[in-house]
Asker: 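Sharing a structure, written as structure tokens. Questions coming.
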Amino acid sequence: MKEKLQQEFLRIFGREAQGVYFAPGRVNLIGEHTDYNGGHVFPCALTIGTYAAAAKNADHTLRFYSMNFEEKGVITADLRELKKEEAHDWANYPKGVLKVMRDAGYQVDMGMDIVYYGNIPNSSGLSSSASVEVLTAYIARELFGLAVDFVEIAKLSQKAENEFIGVNCGIMDQFSIAMGKAGHAIFLDTADLSYEYAPIALKDAKIVIASSNKKRGLGDSKYNERRSECEAALASLKTVLNIQSLGELSEEEFEKNRSVIRDIVKEKRAKHAVYENRRTIKAVAALKANDIEEFGKLMIASHESLRDDYEVTGKELDTLVSAALSQEGVIGSRMTGAGFGGCTVSIVKTGAVDAFIKNVGGIYKDKIGYAADFYVVDAGCGPYTL
Ligand code: GLA
């Protein structure tokens with residue numbers, strides 16, 4: 001991979017790259033739509049992700065090229081005047097990160113030429129955009145010798161997504177990518193960013209991702225709408241409870257007070273946020289106790305809640321999950337990421353994986369009309385230099 005990126009850099013920019021770098025994608029095992037509600041999440045970084053070859057240049061120009069979007073050619077921007085431009089498409093992600101870093105006082109004072117190549121399927125819900133953001137911050141750190149740690153990189157990348165791209169996402173994606181640890185998932189409390197690594201000890205089972213191939217962009221999805229529905233529900237609950245976030249509530253406290261929300265839709269959204277947070281805490285305890293079956297049951301309950309109360313699944317993801325649950329050797333299955341398309345994550349007994357892919361793939365194609373893609377994945381580490 002290193003040589004492939006070096007060669008492409010030479011071909012595009014006519015000189016040698018200074019380095020080749022990598023940042024992973026992520027999959028969330030449980031804890032969905034909880035990260036902007038002060039709740040817990042349990043994602044892991046993947047071994048697939050985004051690679052880039054990069055070098056500083058002598059002026060103030062940023063030149064970005066993606067091997068995944070060759071038709072867009074080299075996209076250029078002036079480092080001193082970074083603003084979001086529709087025509088810059090994917091390059092708005094690295095631009096946003098560099099803008100936020102500069103605004104925060106990090107001395108990125110010269111341009112860079114960067115070639116990117118990602119092996120995460122785009123718009124699949126495995127966070128290809130957060131991977132590009134974290135990777136770009138990591139490259140700036142390496143090339144400019146910046147004193148910026150990985151938690152800060154996660155925060156800056158989230159800020160870029162919120163303020164530059166305009167998607168009000170939580171911290172989960174950027175945090176899990178920046179802080180990934182091979183073989184582990186991260187149990188993160190988004191209320192205070194305290195975290196703990198938990199080994200993914202699945203005994204004789206594998207993590208299988210199924211991509212629905214229904215494309216979604218967070219920006220044009222209902223993501224921001226869900227977030228404001230939760231905020232409105234919280235505001236109502238605050239009239240009777242002394243809380244800062246939905247993540248502080250137990251199921252019982254929520255049940256006792258839910259009637260103050262007075263809007264059936266917002267009540268359902270808040271219910272999901274509260275129960276999903278509690279499920280996540282229970283799921284991590286189950287995994288630690290080696291109770292994979294219980295972990296799987298909580299995954300299934302998570303999907304049902306995302307389908308019925310949060311309403312972010314849709315026909316494609318529901319078909320993948322119900323097909324998965326009709327198979328032998330499936331311990332749990334749910335949608336992962338923002339929803340409205342993207343991927344599901346399933347825990348499948350090793351011996352049943354081939355049949356799972358064949359059968360779920362068949363059912364999906366029959367029902368939806370086009371194919372799903374499957375990936376058997378491992379938990380990988382955070383950003384590194386090749
Ligand atoms: C997207 C966002 C995350 C998180 C998930 C839903 O991936 O970027 O912050 O909210 O959706 O859990």
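In what follows, residues are counted from 1 in the order of the sequence shown. Values below: all heavy atoms of this structure, side chains included; hydrogens, waters and symmetry mates excluded. Note that the structure is predicted; figures quoted are calculated from it, not measured.
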Asker: Between K297 and G332 (side chain of the first, backbone of the second, donor and acceptor by atom type, cut-off under 3.5 Å), is there such a pair?
Answerer: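 Absent.
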Asker: Evaluate side chain to side chain contact (heavy atoms under 4.5 Å, CB included) for N162 paired with V167, printing each intermediate quantity in order.
Answerer: CA-CA 5 Å; N162 293 167; V167 176; 5.7 Å; no
Asker: Please name the pair of heavy atoms, one in A178 and one in A154, separated by the smallest distance, quoted to 0.1 Å.
Answerer: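 A178 and A154 have their closest heavy atoms at CB-CB, 4.1 Å.
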Asker: Under 6.0 Å from the six-membered ring centre of F164 and within 45° of its axis: does the NZ or CZ of K84 meet both?
Answerer: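 No, K84 does not sit over the ring of F164.
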Asker: Side chains of N37 and N277: do they bring a donor and an acceptor to under 3.5 Å?
Answerer: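 No pair is found: no donor N or O on one side chain lies under 3.5 Å from an acceptor on the other.
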Asker: Say whether, by atom type as modelled, one donor and one acceptor occur between the side chain of S212 and the main chain of G342 under 3.5 angstrom.
Answerer: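 Side chain of S212 to backbone of G342, a donor-acceptor pair under 3.5 Å: yes, one is there.
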Asker: Taking the six-membered ring for Trp, are the ring centroids of Y384 and Y138 within less than 6.0 Å of each other?
Answerer: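 No - the distance between ring centres of Y384 and Y138 does not fall below the 6.0 Å cut-off.
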Asker: Kindly indicate whether the side chain of Q107, heavy atoms from C-beta on, has any atom under 4.5 Å from the side chain of F144.
Answerer: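 When only atoms from C-beta onward are counted, F144 and Q107 do not touch, as no gap falls below 4.5 Å.
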Asker: Between L135 and Y116, is there a side-chain heavy-atom distance shorter than 4.5 Å?
Answerer: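 Contact flag for Y116/L135 side chains = yes.
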Asker: Ignoring hydrogens and geometry, is there a side-chain-to-backbone donor-acceptor pair from S305 to H272 under 3.5 Å?
Answerer: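 It does not hold such a pair.
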Asker: Please determine whether side chain to side chain contact (heavy atoms under 4.5 Å, CB included) holds for the pair L29 and F295, giving the CA-CA distance in whole Å, both sets of side-chain angles, and the decisive distance to 0.1 Å.
Answerer: CA-CA 10 Å; L29 298 176; F295 189 87; 4.1 Å; yes
Asker: Is the NZ or CZ atom of K271 both under 6.0 Å from the centre of the six-membered ring of Y275 and within 45° of that ring's axis?
Answerer: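 Yes - K271 lies over the ring of Y275, closer than 6.0 Å to its centre and within 45° of its axis.
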Asker: Is there a side-chain contact between Q158 and M172 in this structure, where contact means two heavy atoms from C-beta onward sitting under 4.5 Å apart?
Answerer: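 Q158 vs M172: side chains apart.
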Asker: Could you check whether any side-chain heavy atom of K268 comes within less than 4.5 Å of a side-chain heavy atom of Y310, counting everything from C-beta outward?
Answerer: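 Sidechains of Y310 and K268: no contact.
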Asker: Both conditions, 6.0 Å and 45 degrees, for the charged tip of K222 above the ring of F340: are they met here?
Answerer: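 No, K222 does not lie over the aromatic ring of F340.
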Asker: Can you tell me how far the CE atom of M101 sits from the CG atom of L156, to the nearest 0.5 Å?
Answerer: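 Atom-to-atom, M101:CE and L156:CG are 5.5 Å apart.
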Asker: Please say which of I363, T344, I368 ends up in a side-chain contact (heavy atoms from CB on, under 4.5 Å) with L320.
Answerer: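 It is T344, the one option of I363, T344, I368 that forms the side-chain contact (heavy atoms from CB on, under 4.5 Å) with L320.
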Asker: Do K99 and E163 meet the salt-bridge criterion of a basic N to acidic O distance under 4.0 Å?
Answerer: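 No, E163 and K99 are not salt-bridged.
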Asker: Below 4.0 angstrom, N of the basic side chain to O of the carboxylate: do D378 and K206 qualify?
Answerer: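 Result for this pair is no, no salt bridge flagged.
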Asker: Could K358 and D354 be called an ion pair, given the rule that one side-chain N must be under 4.0 Å from one carboxylate O?
Answerer: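 No.
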Asker: Taking T239 for the side chain and A235 for the main chain, is one N or O donor matched with an acceptor at less than 3.5 Å?
Answerer: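 It does not hold such a pair.
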Asker: Answer yes or no: is there a side-chain heavy-atom contact under 4.5 Å between T61 and L79?
Answerer: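 In short, these two side chains do not touch, never coming nearer than 4.5 Å.
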Asker: Which value, rounded to the nearest 0.5 Å, describes the distance between L246 atom CG and L234 atom CG?
Answerer: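 Interatomic distance, L246 CG to L234 CG, rounded to 0.5 Å: 5.0 Å.
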Asker: Do I357 and V353 have side chains that approach each other closer than 4.5 Å (heavy atoms only, starting at C-beta)?
Answerer: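 Heavy-atom side-chain distance check passes, below 4.5 Å.
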Asker: Hydrogens and angles aside, do T313 and D318 bring a side-chain donor and acceptor to less than 3.5 Å of each other?
Answerer: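 Present: a donor and an acceptor within the cut-off.
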Asker: Is any side-chain heavy atom of P24 closer than 4.5 Å to one of I48?
Answerer: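 A side-chain contact is absent here, since even the closest heavy-atom pair is not under 4.5 Å.
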Asker: Whether the side chain of H33 engages the backbone of A338 through a donor-acceptor N/O pair (distance < 3.5 Å, no angle test) should be reported.
Answerer: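 Yes, H33 side chain to A338 backbone: donor-acceptor pair under 3.5 Å.
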Asker: Is there a side-chain contact between V208 and I347, using heavy atoms and a 4.5 Å cut-off?
Answerer: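 The answer is no, as the side chains (C-beta and beyond) never meet within the 4.5 Å cut-off.
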Asker: Using a strict 4.0 Å threshold on nitrogen-to-oxygen distance, state whether E311 and R269 make a salt bridge.
Answerer: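 Between R269 and E311 there is a salt bridge, with a charged N closer than 4.0 Å to a carboxylate O.
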Asker: Roughly how far apart are R141 CZ and I153 CD1, rounded to 0.5 Å?
Answerer: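 Atom-to-atom, R141:CZ and I153:CD1 are 5.5 Å apart.
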Asker: In plain terms, say whether K256 and E252 are close enough for a salt bridge, that is, a side-chain N and a carboxylate O under 4.0 Å apart.
Answerer: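 No salt bridge links K256 with E252.
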Asker: Given 3.5 Å as the limit, does a donor-acceptor pair link the side chain of K282 with the main chain of L298, or not?
Answerer: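 No, because the side chain of K282 does not come within donor-acceptor range (under 3.5 Å) of the backbone of L298.
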Asker: Going by an N to O cut-off under 4.0 Å, is there a salt bridge joining R279 and E276?
Answerer: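 Result for this pair is yes, salt bridge flagged.
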Asker: With side chain to side chain contact (heavy atoms under 4.5 Å, CB included) as the criterion, how do F9 and Q18 come out once you've worked through the C-alpha distance, each side chain's angles and the decisive distance to 0.1 Å?
Answerer: CA-CA 10 Å; F9 189 94; Q18 278 177 264; over 6 Å; no
Asker: For this output row, return yes or no: ring centroids of F64 and H88 closer than 6.0 angstrom.
Answerer: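 No; H88 has its ring centre 6.0 Å or more from that of F64.
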Asker: Considering only NZ, NE, NH1 and NH2 on the basic side and carboxylate oxygens on the acidic side, decide whether E196 and K288 come within less than 4.0 Å.
Answerer: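 Here E196 pairs with K288 in a salt bridge, since their nearest N and O are under 4.0 Å apart.
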Asker: With no hydrogens and no angle check, just 3.5 Å: does a side-chain donor-acceptor pair link R334 and S302?
Answerer: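 Looking only at side-chain atoms, S302 and R334 do form a donor-acceptor pair, the distance falling under 3.5 Å.
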Asker: Going through the distances and angles, do V74 and T76 end up as a side chain to side chain contact (heavy atoms under 4.5 Å, CB included)?
Answerer: CA-CA 6 Å; V74 175; T76 54; 4.1 Å; yes
Asker: Give a yes or no answer on whether the side chain of T190 reaches the backbone of G39 with a donor-acceptor pair at less than 3.5 Å.
Answerer: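 Side chain of T190 to backbone of G39, a donor-acceptor pair under 3.5 Å: yes, one is there.
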Asker: Distance check, rounded to the nearest 0.5 Å: Y93 atom OH versus I165 atom CD1?
Answerer: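 Here the interatomic distance stands at 5.0 Å.
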Asker: Is there a donor-acceptor contact under 3.5 Å linking the side chains of E32 and N28?
Answerer: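 Distance-only check passes for E32 and N28.
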Asker: Between CZ of F187 and OG of S194, what distance do you get to the nearest 0.5 Å?
Answerer: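 Rounded to the nearest 0.5 Å, the CZ-OG separation comes out at 8.5 Å.
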Asker: With no hydrogens and no angle check, do the side chains of D173 and S127 hold a donor and an acceptor under 3.5 Å apart?
Answerer: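 Their side chains do contain a donor-acceptor pair, which is all the 3.5 Å distance test asks for.
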Asker: Show your working on side chain to side chain donor-acceptor pair (under 3.5 Å) between Q6 and E16 and close with a plain yes or no.
Answerer: CA-CA 7 Å; Q6 282 170 329; E16 303 278 332; over 6 Å; no
Asker: CG of L10 to CD of E3: how many Å apart, nearest 0.5 Å?
Answerer: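 It is 12.0 Å, given to the nearest 0.5 Å.
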Asker: I want to know whether F374 and Y364 have ring centres closer than 6.0 Å.
Answerer: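 Ring centres of Y364 and F374 not closer than 6.0 Å.
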Asker: Any donor-acceptor pair under 3.5 Å linking the side chain of E248 with the backbone of S245?
Answerer: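 It does hold such a pair.
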Asker: If we count only N and O atoms by modelled type, under 3.5 Å, do the side chains of E253 and S250 hold a donor and an acceptor together?
Answerer: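 Indeed, the side chains of E253 and S250 share at least one donor-acceptor pair under 3.5 Å.
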Asker: Is a salt bridge present between R258 and E267, judged by a nitrogen-to-oxygen distance below 4.0 Å?
Answerer: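 Here R258 pairs with E267 in a salt bridge, since their nearest N and O are under 4.0 Å apart.
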